[in-house]
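Since the structure comes first, as structure tokens, the remarks are kept for the end.
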Amino acid sequence: MSEHAQPLFGREPDIDDLHAFVDEALTKGGTCVLHGDAGVGKTRLLTLCSEVATDRGARVLSASGVQFEADLSFGVLHQLLRPILTEVEALDASSAAALRSALDLGAGAGTTDPVAVCTAALALLVLAARQGPVLLVVDDLQWLDTSTASVLAFIARRLAGHRIGFVGALRLGEAARFDSHGLRSLSVHPLVREDAQQLLLRQFPMLAPRTRQRIVDRAAGYPLALVEWGASLARLPEAESDAAAAALSLPRRLEESFAARIDALPAQTRRALLMLALDGRRDLRELLAVGLSIEDLAPAEAVGALVIDDATGIVDFRHPLMRSALVGSSTSLERRAIHRALAAALADRPDRRAWHLSSAAVGPDEHVARLLEQLAQRSFARGDAVGASTAIIRAAYLSPRDEDKSRRLAEAAYLGSDVTGEFSQASQLLADSHIGLGGGPGSLYAVAARAQISVNGDGDYHTALKFVESAVAAGGHGWSAENHELIDTFRSWLMLCSYAGDADLWRGYFNCLQRLTPEVPAALRAESQAIGDPARTGAAARPTLISLGERHDILEPAVVLSLTLAAMYLDLVEVYSTSAWRFVQEGRNEGPARPYARSLAHLGIDEFLHGNWREAQTLADEGASVCDEYDYMNGAWYFAYIHALLAAGRGNTGRARQLVGEIGNACAPRRSWGAQRFSHQPLTLAAVADGNWEEAYQVACQLSPPGEFAPFVPQALWVAFDVVEAALRTGRDADARRHASAMTAANLPLISDRLALHTAGATAMVNDGEHWRAAFEAALQTPNAGSWPFDLARIQLAYGERLRRVLDTTRAKEVLHAALQTFDRLGALPWTERVSEELRAAGDPQFRPTRAVPAALLLTPQELAIVEMAAAGLSNKEIGSRLFLSPRTVSGHLYKAFPKLGVTSRAALRDALAEPTDT
């Protein structure tokens with residue numbers, strides 16, 4: 001490590017972990033993300049990693065997200081990779097060309113396909129690593145522009161086997177576009193009191209003990225506050241420093257300390273710093289090219305506001321709060337003047353120039369509006385829908401002509417309604433646009449946005465979809481598959497059709513889809529096949545969805561959400577889980593509500609199907625809370641559906657039926673028959689749990705008659721096995737055989753592994769020939785059968801029952817015990833009881849009475865912790881203080897936990913926890 005490095009106090013475990021990480025990453029590849037609050041010391045630990053890598057002979061490439069440049073596509077990627085672009089250009093000209101285009105460094109800039117940018121960036125780094133190990137160091141990941149965030153997320157997950165490391169820092173409490181889910185992480189915590197005291201004593205021994213203790217008290221273990229306040233108070237007499245220390249507090253005073261330091265600088269230096277803050281770049285040569293001078297920056301460096309690395313030519317603020325304080329203390333006039341100067345110096349950088357011109361504008365300006373619209377188009381093509389929306393809204397309000405403003409606002413409304421779920425904002429944008437529901441050219445975005453706003457308000461799907469169909473079918477927009485507005489509208493139309501569930505509306509959609517020329521885009525075709533009629537076209541869509549899943553982390557959010565819905569019908573959600581978790585994490589950090597809720601729904605059903613019912617419960621609870629918080633009532637039915645599945649699976653069939661009723665109440669007014677069909681699955685499962693096979697048969701057959709699969713009813717696939725089993729249990733053997741044959745004829749095994757298991761199980765159940773054992777054994781050996789434990793255990797139960805009836809008790813007990821283990825783990829009480837009865841009848845010496853469901857399986861982890869404290873007699877306030885929750889939040893969790901445990905008061909909680917809960 002560099003001998004000039006400042007000592008780190010209280011970081012010994014972090015230092016050891018990072019030393020080991022850097023050593024491993026520089027030989028085998030790897031990624032680590034530091035998480036922590038502002039000022040907690042993440043940047044210093046990144047510096048440590050750079051020092052270690054440099055001492056190991058590695059090349060260090062560094063960059064930092066910039067709060068005021070987060071809408072500028074590929075801004076940070078430019079910082080990071082430009083130093084090596086020229087060096088390896090001769091080795092891979094195509095990768096270099098792709099990056100130069102994306103980074104706005106040459107002719108044709110901004111037109112590169114996002115996949116090409118990601119693969120080119122990775123290829124560039126791999127080539128650089130051939131000359132020696134490389135460490136990427138990126139600070140402030142929370143402020144990355146969307147395009148850079150996608151590329152770096154792509155790279156971070158593909159470093160294994162290369163001599164490339166990636167280490168970054170992510171501030172807690174900030175919405176982040178960088179997806180860190182699943183990556184190795186290190187939480188950086190404030191220093192304990194003893195270490196904070198040692199740091200101050202080592203660096204500022206002249207501080208009076210009382211002043212030092214006050215700083216330690218106020219800084220709360222944040223090293224940045226300790227150092228900044230120590231430096232400012234060390235120069236004061238003891239009496240003054242003690243009084244000043246008493247007034248310190250986080251975080252406002254920390255920013256004020258930066259602002260005070262800036263105010264003391266010469267005017268030219270403050271101007272140079274403001275230019276640095278608003279430009280966002282750190283390369284000294286580039287900064288000199290736009291008018292900065294070393295002489296102007298020198299005073300800022302002298303007082304520690306700025307760091308200039310002579311070896312790398314990198315200039316940056318010592319901490320992001322310094323930048324925030326600087327911008328916050330400047331006037332609008334000052335900022336506009338800086339933006340104009342920067343725009344004039346960036347004639348060859350259209351993206352940056354457009355943003356600076358827009359920030360300098362004081363009134364309508366069509367020239368700037370056109371530049372922003374072009375920027376929005378480039379951002380959208382790169383997969384940055386949020387940046388595109390920001391740019392197009394700004395362009396709209398800079399438009400002198402009403403028709404241009406309306407057109408741009410309509411596109412922004414579409415992005416808001418279809419991507420982020422900001423329906424009120426989208427509605428206001430449409431109101432400002434003055435575009436009606438007509439089908440003329442240029443109005444498709446408005447039509448799609450109004451349809452989404454309608455069905456997420458008081459409107460109904462049939463009416464909304466007829467407007468969309470009329471607008472598209474009018475054909476005034478043409479039928480080119482390269483028309484982005486048209487394709488975006490088709491994708492929105494597809495989502496609406498899926499929830500409407502009307503065969504006539506589906507036919508209108510597919511009739512128009514086939515008119516696209518020269519052909520339907522591959523992604524849209526696969527989505528339409530999987531969502532519209534998977535029984536007939538799902539198998540054809542599967543390869544494309546899997547292929548797209550390999551690059552889903554760089555696709556535009558609306559496309560990813562649509563692909564994930566399509567993947568759900570083919571049991572492929574896990575292929576898109578990384579993006580889904582990214583949307584969830586963004587939502588938890590105050591990001592868009594719609595992708596947040598939809599991703600929770602997709603992940604929740606996937607967890608249920610994979611036998612992770614506790615996780616499914618947690619996700620469904622979170623999703624229901626999100627819908628309630630954001631008044632997203634048209635999404636709440638999905639979580640009622642997951643809750644109903646869990647209730648039916650656990651035997652709480654009364655609760656399952658109540659939830660099914662809630663789904664119907666939510667869907668009927670909107671004529672959302674496709675969404676309502678979801679409820680047939682938990683209602684069928686509840687009937688099976690109750691042993692009411694006649695009801696199970698009738699409910700399942702409402703989706704599709706035995707022996708066929710109705711068109712445009714994908715939910716019929718989910719109950720196909722139930723139709724066969726219920727038909728056999730009610731003496732409808734012919735219907736059972738016809739439906740099992742239909743499952744085979746529809747090639748369900750080619751649609752998904754789970755449906756392959758269902759088909760094999762159904763085929764075995766209707767086999768009354770001499771090879772029925774072989775058919776069941778083959779079903780149990782279906783590839784990946786263990787990935788669907790509940791489904792597999794139901795087939796094991798059916799097999800065990802039949803084996804026991806023919807007196808093959810040895811094999812019967814083997815498969816029944818396997819089923820019992822699964823049902824026990826899931827808390828599937830009705831099926832546990834059935835298996836137990838079969839084991840008793842088989843004379844199993846290890847037979848034991850049925851066990852009820854433990855309370856821990858019914859509650860989320862936080863609910864369980866709260867319930868245990870409440871059962872111990874703690875008040876809501878006391879519980880909240882221990883778990884850092886408000887008493888109101890504690891009360892809300894108890895309100896949700898009581899019905900799950902079958903209690904109505906706190907007094908009954910102790911008994912509910914002491915004994916398993918009979919659901």
Side-chain angles (χ1 to χ4, degrees), residues 611 613 648-653 656 684-697 700 719 721-733 736 740 757-782 785-786 788-854 857 916-919:
W613 288 8
R650 290 166 172 162
N652 191 349
T653 55
T684 300
L685 192 62
V688 173
D690 286 340
N692 190 338
W693 294 104
E694 180 63 29
E695 180 188 355
Y697 178 80
V719 297
F721 179 83
D722 298 298
V723 170
V724 174
E725 184 176 26
L728 289 173
R729 296 276 185 172
T730 57
R732 298 178 172 93
D733 293 6
L757 177 62
H758 285 192
T759 303
T763 300
M765 290 179 69
V766 299
N767 190 323
D768 54 6
E770 57 181 318
H771 301 298
W772 65 269
R773 282 185 176 87
F776 268 111
E777 294 291 347
L780 301 186
Q781 297 303 315
T782 302
W788 320 101
F790 184 59
D791 304 280
L792 177 61
R794 289 183 64 183
I795 295 172
Q796 289 169 330
L797 172 57
Y799 186 24
E801 289 173 334
R802 195 159 175 182
L803 287 167
R804 199 265 307 164
R805 289 199 298 272
V806 299
L807 304 181
D808 187 352
T809 56
T810 300
R811 180 58 178 149
K813 286 185 282 189
E814 290 174 353
V815 295
L816 289 171
H817 272 292
L820 182 62
Q821 184 177 10
T822 298
F823 292 140
D824 265 348
R825 178 180 66 81
L826 296 176
L829 182 60
W831 287 268
T832 301
E833 292 175 341
R834 284 174 56 187
V835 175
S836 297
E837 287 300 315
E838 288 296 323
L839 286 170
R840 181 190 62 77
D844 182 17
Q846 299 181 24
F847 165 75
R848 50 172 175 62
T850 299
R851 294 183 299 180
V853 181
L857 289 177
T917 301
D918 188 349
T919 59

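For reference, positions follow the sequence shown, starting with 1.
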Item to check | Rounded distance (nearest 0.5 Å) linking atom CG of Leu797 with atom CZ of Phe823 | outcome: 5.5 Å
Next on the checklist: For a 4.5 angstrom cut-off between non-hydrogen side-chain atoms, does Phe721 reach Ile795?
Outcome noted: yes
Item to check | Residue list, side chain to side chain contact (heavy atoms under 4.5 Å, CB included) with Arg811, at least two apart or on another chain | outcome: Glu777, Leu780, Tyr799, Leu803, Asp808, Glu814, Val815
Item to check | Within-4.5 Å side-chain heavy-atom neighbours: Leu685 and Phe790 | outcome: yes
Next on the checklist: Between the side chains of Asp844 and Arg804, is the shortest nitrogen-to-carboxylate-oxygen separation below 4.0 Å, so that they form an ion pair?
Outcome noted: no
Checklist entry - Between Asp722 and Thr684, does a side-chain hydrogen bond (donor to acceptor under 3.5 Å, both in side chains) hold up when you go through it step by step? => result CA-CA 8 Å; Asp722 298 298; Thr684 300; 5.6 Å; no
Checklist entry - Residues two or more places apart in sequence or in another chain: which of them pass side chain to side chain contact (heavy atoms under 4.5 Å, CB included) with Ala818? => result Gln796
Item to check | From OG1 (Thr653) to CD (Glu695), nearest 0.5 Å | outcome: 9.0 Å
Next on the checklist: For the CD atom on Glu694, are there more than 12 heavy atoms of other groups (residues, nucleotides or ligands in this structure) within a distance under 6.0 Å?
Outcome noted: yes
Checklist entry - Can you check side-chain contact (heavy atoms from CB on, under 4.5 Å) on Glu725 and Trp693, steps first, answer last? => result CA-CA 8 Å; Glu725 184 176 26; Trp693 294 104; 3.5 Å; yes
Checklist entry - So, are Arg834 and Glu837 salt-bridged, with charged N and O less than 4.0 Å apart? => result no
Item to check | Donor-acceptor under 3.5 Å (Arg825 side chain, Gly611 main chain) | outcome: yes
Checklist entry - Within a strict 4.5 Å, meaning less than it, do heavy atoms of the Ser836 and Leu820 side chains meet? => result yes
